Amino acid sequence: MSRPLTPAEREALTFLLDGDFPGAVELRAQAGTARVTGRCGCGCPTIDLAVDDDLPAARLAGRVVVEAGAPDGGLIVFADDGRLSGLEYWTVSDEVPAGFPPPDRIERAG
C-alpha cells in the first residue's frame, strides 16, 4: 500500500513541522515527498510514512520529532534515521478520531 497523503494528513504534518527545531529544514523538504505506506490497525488515523531517499536526512537526537496537543489526545511526528516515518494521533477518548484535526485544533507543545 502506498498512497499520497490526504489533505487533512498533509495539513497536520505541515503545521507540525512549521517550527524552528533541529532538522526542521530537512524534514520539511522530506514532507513534500511523503507517502502513506501503512495505517494503524485500531482504526485511528495514525499513518506510516515513506519519503524520497535522495533528500538529505535530518540530524536528530531521537525518534520523536514533534509533539502537539489535539482534541482528547495528541499528535506525534516520528523519524527513523533522520527520515519521516510516521504521524500518530493518540487519544484518551473512547471514541477513535476519524481523521487528523485541522491546524486550528492543534496545540503546539512548549
Side-chain angles (χ1 to χ4, degrees):
M1 168 189 164
S2 177
R3 65 164 174 81
L5 277 68
T6 66
E9 291 165 346
R10 180 148 317 274
E11 198 172 50
L13 182 61
T14 299
F15 180 82
L16 292 167
L17 294 177
D18 187 36
D20 184 21
F21 57 89
V25 171
E26 293 85 357
L27 295 174
R28 284 193 287 269
Q30 292 175 21
T33 70
R35 294 190 55 83
V36 175
T37 59
R39 289 196 56 137
C40 181
C42 81
C44 75
T46 296
I47 52 175
D48 298 323
L49 300 173
V51 297
D52 186 340
D53 286 335
D54 292 334
L55 293 171
R59 294 180 138 200
L60 303 169
R63 186 165 186 252
V64 173
V65 177
V66 177
E67 293 184 80
D72 294 322
L75 303 175
I76 304 172
V77 176
F78 292 100
D80 291 313
D81 299 321
R83 303 200 179 281
L84 290 172
S85 62
L87 178 58
E88 178 178 334
Y89 188 167
W90 61 268
T91 182
V92 294
S93 172
D94 289 338
E95 288 193 33
V96 176
F100 287 95
D104 66 351
R105 305 279 320 269
I106 300 172
E107 298 175 26
R108 292 187 193 274

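Because only heavy atoms are used, hydrogens play no part in the values below, and waters and symmetry mates are left out as well, while side chains stay in. Treat the numbers as computed from the prediction; the structure is a model and nothing was measured.
- Side-chain contact between Leu87 and Leu5: absent, with no pair of heavy atoms (C-beta onward) separated by less than 4.5 Å.
- Annotation: salt bridge (Lys or Arg N to Asp or Glu O under 4.0 Å) contacts involving residues 1-14, sequence neighbours excluded, comprise Arg3-Glu9.
- Through side-chain heavy atoms spaced under 4.5 Å, either directly or across other Ile, Leu, Val, Met, Phe, Trp or Tyr residues, Leu55 is tied to no other residue.
- Residues forming a salt bridge (Lys or Arg N to Asp or Glu O under 4.0 Å) with Arg59 (at least two apart in sequence, or on another chain): none.
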Subject >> Audit row: Asp54, Thr33, side-chain contact (heavy atoms from CB on, under 4.5 Å) steps and yes/no >> reply: CA-CA 10 Å; Asp54 292 334; Thr33 70; over 6 Å; no
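- Between Val96 and Thr91 the shortest side-chain heavy-atom distance does not fall below 4.5 Å.
- At least one side-chain heavy atom of Leu27 sits under 4.5 Å from a side-chain heavy atom of Leu60.
- Among residues two or more places apart in sequence or in another chain, the side chain to side chain contact (heavy atoms under 4.5 Å, CB included) test is passed with Pro22 by none.
- Taking all atoms of both residues into account, the shortest heavy-atom contact from Ala70 to Pro101 is CB-CG, 4.0 Å.
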Side-chain donor/acceptor pairs under 3.5 Å, residues 36-49, sequence neighbours excluded:
from	atom 1	to	atom 2	distance (Å)
Arg39	NH2	Cys44	O	2.8
Thr46	OG1	Tyr89	N	3.0

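- At distances below 3.5 Å, at least one donor-acceptor pair connects side-chain atoms of Arg108 with backbone N or O atoms of Phe15.
- Sorted pairs that involve residues 16-31 and meet side chain to side chain donor-acceptor pair (under 3.5 Å), not counting sequence neighbours, are lacking altogether.
- For residues 68-82, the pairs satisfying salt bridge (Lys or Arg N to Asp or Glu O under 4.0 Å) are Arg63-Asp80, with sequence neighbours left out.
- Using a 4.5 Å cut-off between side-chain heavy atoms of Ile, Leu, Val, Met, Phe, Trp and Tyr, Val92 falls into a hydrophobic cluster with Val64, Ile76, Phe78, Trp90.
- Counting only residues at least two apart or in different chains, salt bridge (Lys or Arg N to Asp or Glu O under 4.0 Å) contacts with residues 87-100 are absent.
- Partners of Arg35 under the side chain to side chain donor-acceptor pair (under 3.5 Å) rule, at least two apart in sequence or in another chain, are Ser2.
- When the side chain to side chain contact (heavy atoms under 4.5 Å, CB included) test is applied to Glu107, no partner is found at least two apart in sequence or on another chain.
- Between Val65 and Phe21 there is a side-chain heavy-atom pair separated by less than 4.5 Å.
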